[in-house]
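Accompanying notes for the structure given below.
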Amino acid sequence: QVQLVESGGGSVQAGGSLRLSCEVSIDTASSVCFAWFRQAPGKGREGVARTYTHRDNGFVARSVEGRFTSSLDVAKNTVYLQMNNLKPEDTAMYYCATRTDGIRYCPLDRAEYNAWGQGTQVTVSS
């Protein structure tokens, strides 16, 4: 069973940057894709970014377009979320996710993912 462990969260001021990491317990090359979600208090879990393992088809949500980038280091079995120009509205718990059912389609819909990390907190102050 795949395990995902996020790290890199913290507290920053608006305009700052953070890089989140997601260490994966299996060979990332064996997974179809990885995604990042976030959940602010009292809100639903929102898809932020998605990276396919075997094709260059990264995608980020409109709310973070131009500021966030997701990448994958297959050699390190690690997925990254680079977050620049952070805003207070980016404050949330951030989760890494993947799907293990072999379906080669990965929309930013939490229902499509069956493996999740425990999350890492990002807090942005104004």
- Query: Would you say the side-chain atoms of Ser70 and Thr51 include a donor-acceptor pair closer than 3.5 Å?
  - Reply: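 Yes, side-chain donor-acceptor contact under 3.5 Å.
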Do side-chain atoms of [X] reach the backbone of [Y] as a donor and acceptor pair under 3.5 angstrom?
X: Thr78; Y: Lys76; value: yes
X: Tyr52; Y: Cys106; value: yes
X: Glu6; Y: Cys96; value: yes
X: Thr120; Y: Tyr94; value: no

- Query: Would you call Thr69 and Val60 a side-chain contact if the rule is heavy atoms closer than 4.5 Å?
  - Reply: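 Not touching, per the 4.5 Å side-chain cut-off.
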- Answer yes or no: is there a side-chain heavy-atom contact under 4.5 Å between Val48 and Phe37?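 The answer is no, as the side chains (C-beta and beyond) never meet within the 4.5 Å cut-off.
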- After noting the C-alpha distance and the side-chain angles of Gln1 and Thr100, does the key distance pass the side chain to side chain contact (heavy atoms under 4.5 Å, CB included) rule? CA-CA 9 Å; Gln1 183 174 351; Thr100 61; over 6 Å; no
- Count the heavy atoms of every other residue, nucleotide or ligand shown that sit under 6.0 Å from CD of Gln3, and state whether that count exceeds 12. no
- Task: Quick one: pull up CD1 in Ile26 and CG in Asn77 and give me the separation to the nearest 0.5 Å.
- Result: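 Rounded to the nearest 0.5 Å, the CD1-CG separation comes to 8.0 Å.
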- Task: First locate atom CE of Met93, then atom NZ of Lys43, and finally report the distance between them rounded to the nearest 0.5 Å.
- Result: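 Going from CE on Met93 over to NZ on Lys43, the span is 15.5 Å.
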- Task: For Arg45 and Trp116, run side chain to side chain contact (heavy atoms under 4.5 Å, CB included): C-alpha distance rounded to whole Å, both residues' side-chain angles, the deciding distance at 0.1 Å, then the answer.
- Result: CA-CA 12 Å; Arg45 194 164 294 190; Trp116 294 82; 3.4 Å; yes
Assigning hydrophobic clusters by single linkage (Ile, Leu, Val, Met, Phe, Trp, Tyr; side-chain heavy-atom cutoff under 4.5 Å), is [X] placed with [Y]?
X: Tyr80; Y: Trp36; result: no
X: Val74; Y: Phe34; result: yes
X: Tyr113; Y: Leu81; result: no

- Decide side chain to side chain contact (heavy atoms under 4.5 Å, CB included) for Tyr95 and Leu4; before the verdict, give the C-alpha distance in whole Å, the side-chain angles of both, and the deciding distance to 0.1 Å. CA-CA 9 Å; Tyr95 299 90; Leu4 308 168; over 6 Å; no
Anything under 3.5 Å between a donor and an acceptor, one on a side chain of residues 9-24, the other on a protein residue two or more places apart or in another chain? List them.
from, atom 1, to, atom 2, distance (Å)
Ser17, OG, Asn84, OD1, 3.0

Please find the pair of heavy atoms, one from [X] and one from [Y], that lie closest to each other, and give the distance.
X: Thr98; Y: Cys33; answer: OG1-O, 2.6 Å
X: Val124; Y: Lys87; answer: CB-O, 3.3 Å
X: Val5; Y: Gln118; answer: CA-OE1, 3.7 Å

- Message: Under the rule for salt bridge (charged side-chain N to carboxylate O under 4.0 Å, His left out), what residues qualify as partners of Glu46, not counting sequence neighbours?
- Response: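 By the salt bridge (charged side-chain N to carboxylate O under 4.0 Å, His left out) rule, Glu46 matches Arg38.
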- Working for side chain to side chain contact (heavy atoms under 4.5 Å, CB included), residues Leu86 and Phe68: CA-CA 9 Å; Leu86 283 160; Phe68 290 15; 3.8 Å; yes
- Message: So if I apply the salt bridge (charged side-chain N to carboxylate O under 4.0 Å, His left out) rule between Glu112 and each of Arg99, Arg50, Arg104, which one comes out positive?
- Response: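 The salt bridge (charged side-chain N to carboxylate O under 4.0 Å, His left out) with Glu112 is passed solely by Arg99 among Arg99, Arg50, Arg104.
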